[in-house]
Amino acid sequence: MNAAWVILGLLTLAGAVCAMSLRNLVHCLLCLMASFLGLAGLYLALSATFVALTQVLVYLGAVSILIVFAILLTRGGATLGSGLTGTMSWTAGIGTALLVLGGLAGVVIWGPIAPTDAASDPTVRAIGERLMTAYVLPLEAMALLLTGALIGAVILAMPDREAAATRPEVREPPMANAGKPSVPGKDERGGEA
Amino acid sequence: MTPLHTALLVAAALFAIGLAGALTRRNAIVVLMGIELMLSAANLNFIAFWRYGPDPARLDGVLFAVFAIGVAAAEAAVGLALVIAVHRRLRTTQVDEVNQLRG
């Protein structure tokens, strides 16, 4: 275990703790990105270069921007109320997480894990060959899944025309506010809190 | 402690942090972030076991991690679209205020 492991592990875990505990959603997202960056570094330390770059592209590039849009579209950055569920469920949630951590760490420390160090530095060519031979069926399934998820996400996020026709007051406020975000944003915030 | 144990312990801690966030936070977007953290912890396990496993030349762990990242991206897209749809209808993203089915 060398210095790189310590730094990257600390960056990953500290980013994750901040992402789960800060109040402001935008700060949460920034910490989450730091955590994902540390994780990509850990992949590099484990000589999985391709996965590290995929992680940076998909998580830091795509998923983060998706979360930014979700936060801004739901005005989540403005609501600063108590971010937690009640005290009872907070205790139960933290207790469950500690229990899971204890179980996993116990298995790792006392379990029969014997690493074999067969040095491997896979090239992208080797990964591509595996992907096109043994893993071609999962690859096609993944293509179908991504297409389905894309269409599903668009349909889910599309404005509901029936609801807009029957209950116009539900759809009106965001449309009226769309052009002038600064002043109406304030009373919208007050209404939500 | 070998690097494999370190990676597995980091992954266990990451999973527990994500689980704690998903269970205790009220905002649906933060709950989704916690789920992403748990999926990432599983990916770290795949990579660690691939690197220190018996046959790294077969690249199974790497490919499984890449597929898991793809599935996580699809899950994030659908999950965030659901959050936006719920916010449009109910004007809230707090998970405990979405209780229309409570008996």
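Throughout, a chain's letter reflects where its sequence line sits, starting with A, and its residues are numbered from 1.
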Report task. Kindly give the heavy-atom pair with the smallest separation between A:A97 and B:A16, and that separation in Å. Result -> CB-O, 3.5 Å
Report summary line: Shortest non-hydrogen pair, B:V78 vs A:A149, comes out as CG2-O, 3.8 Å
Query raised in the report: Hey, are the side chains of A:L29 and B:I29 touching, using non-hydrogen atoms and a 4.5 Å cut-off?
Result: no
Query - Leading residue by heavy atom contact count with chain B [cutoff under 4.5 Å; candidates A:P138, A:G9, A:A114, A:A62] - result: A:P138
Query raised in the report: If you draw a 6.0 Å radius around CZ in A:R130, do more than 12 non-hydrogen atoms from other residues or ligands fall strictly inside?
Result: yes
Query - Closest-packed option against chain B by number of heavy-atom pairs under 4.5 Å, given A:P115, A:A153, A:G95, A:A134 - result: A:P115
Report task. Can you see which heavy atom on B:A77 is nearest to which on A:L66, and at what distance? Result -> CA-CD2, 3.5 Å
Requested in this report: With a 4.5 angstrom heavy-atom cut-off, could you sort out which part of A:A105 is near chain B: side chain, backbone, both or neither?
Outcome: both
Query raised in the report: For B:A28, is it the side chain, the backbone, both, or neither that has a heavy atom closer than 4.5 Å to a heavy atom of chain A?
Result: neither
Query raised in the report: Which atom names give the shortest non-hydrogen contact between B:S40 and A:Y43, and what distance separates them?
Result: O-OH, 3.7 Å
Query raised in the report: Mind checking whether A:W5 and B:I47 sit in one hydrophobic cluster, side chains of I, L, V, M, F, W, Y counted as touching below 4.5 Å?
Result: yes
Query raised in the report: Is there a path from A:V124 to A:V56 through hydrophobic residues (I, L, V, M, F, W, Y) whose side chains come within less than 4.5 Å of each other?
Result: yes
Query raised in the report: chain B: which of A:L150, A:V154, A:L139 shares the most heavy-atom pairs with it under 4.5 Å?
Result: A:L139
**Report entry** Atom group of A:I94 that falls short of 4.5 Å from chain B, counting heavy atoms
**Finding:** both
Report task. Among B:V86, B:V71, B:V30, B:L80, single out the residue with the greatest number of heavy-atom pairs under 4.5 Å to chain A. Result -> B:L80
Query raised in the report: What part of A:S21 gets closer than 4.5 Å to chain B, counting heavy atoms only: side chain, backbone, both or neither?
Result: backbone
Report task. Pick one of side chain, backbone, both or neither for A:V100, based on which atoms fall under 4.5 Å of a heavy atom in chain B. Result -> side chain
Requested in this report: Identify whether A:W110 and B:Y52 are in the same connected component of the hydrophobic contact network (ILVMFWY, side-chain heavy atoms under 4.5 Å).
Outcome: yes
Report summary line: One should read off an interatomic distance between A:L22 CG and B:R25 CZ, to the nearest 0.5 angstrom, of 7.5 Å
Requested in this report: Using a cut-off of under 4.5 Å on heavy-atom pairs, state which of A:G111, A:G152, A:C28 scores highest against chain B.
Outcome: A:C28
**Report entry** Contacting region of A:Y135 [heavy-atom separation from chain B under 4.5 Å]
**Finding:** both
Query raised in the report: Roughly how far, to the nearest 0.5 Å, is the CD1 atom of A:I113 from the OG1 atom of B:T2?
Result: 8.0 Å
**Report entry** Structural part of A:A92 lying under 4.5 Å from a heavy atom of chain B
**Finding:** neither
Report task. Let me know if B:N43 has heavy atoms under 4.5 Å from chain A in its side chain, its backbone, both or neither. Result -> both
Query - Cluster overlap B:W50 with B:L9, hydrophobic side-chain contacts below 4.5 Å - result: yes
Query raised in the report: Do A:L11 and A:L42 share a hydrophobic cluster (ILVMFWY, side-chain heavy atoms under 4.5 Å, transitive)?
Result: no
Requested in this report: Enter the distance from B:L19:CG to A:M20:CE here, rounded to the nearest 0.5 Å.
Outcome: 11.0 Å
Query - chain B contact via A:V58 - which portion, at a heavy-atom distance below 4.5 Å - result: side chain
Query raised in the report: Of all heavy-atom pairs between A:I71 and B:M33, which one has the smallest distance, and what is that distance?
Result: CD1-CE, 4.4 Å
Query - Within 6.0 Å of CZ in B:F64, more than 12 heavy atoms from elsewhere - result: no
Requested in this report: Look up atom CH2 in A:W90 and atom CZ in B:R26, then write down how far apart they are to the nearest 0.5 Å.
Outcome: 16.0 Å
Query - Interface moiety of A:I155 toward chain B, non-hydrogen atoms closer than 4.5 Å - result: neither
Query raised in the report: Considering only heavy atoms, which portion of A:L39 lies under 4.5 Å from any heavy atom of chain B: side chain, backbone, both, or neither?
Result: side chain
Query raised in the report: From A:F36 CZ over to B:E36 CD, what is the distance, rounded to the nearest 0.5 angstrom?
Result: 5.5 Å
Report task. Would you check if A:L101 and B:F15 make a side-chain contact, meaning some heavy-atom pair closer than 4.5 Å? Result -> no
Report task. May I ask you to name which of A:L46, A:I67, A:L104 has the most heavy-atom pairs under 4.5 Å with chain B? Result -> A:L46
Report summary line: Looking only at B:V10, B:V83, B:L63, the option with the highest number of non-hydrogen pairs under 4.5 Å against chain A is B:L63
Requested in this report: Look at B:I69, B:L32, B:V66, B:I84 and state which one has the largest set of heavy-atom pairs under 4.5 Å with chain A.
Outcome: B:I69
Query raised in the report: Are A:S35 and B:L14 side-chain neighbours, meaning at least one heavy-atom pair lies under 4.5 Å?
Result: yes
Query raised in the report: Between A:L73 and B:H87, is a side chain to side chain contact (heavy atoms under 4.5 Å, CB included) present by the stated rule, with each step listed?
Result: CA-CA 9 Å; A:L73 282 173; B:H87 178 264; over 6 Å; no
**Report entry** Closest heavy-atom pair and its distance - B:T24, A:G93
**Finding:** CG2-CA, 4.0 Å
Report summary line: chain B shares the most heavy-atom pairs under 4.5 Å, among A:T12, A:V51, A:T116, with A:T116
Report summary line: Residue from B:L8, B:V31, B:I17, B:L4 scoring the most non-hydrogen pairs under 4.5 Å with chain A is B:I17
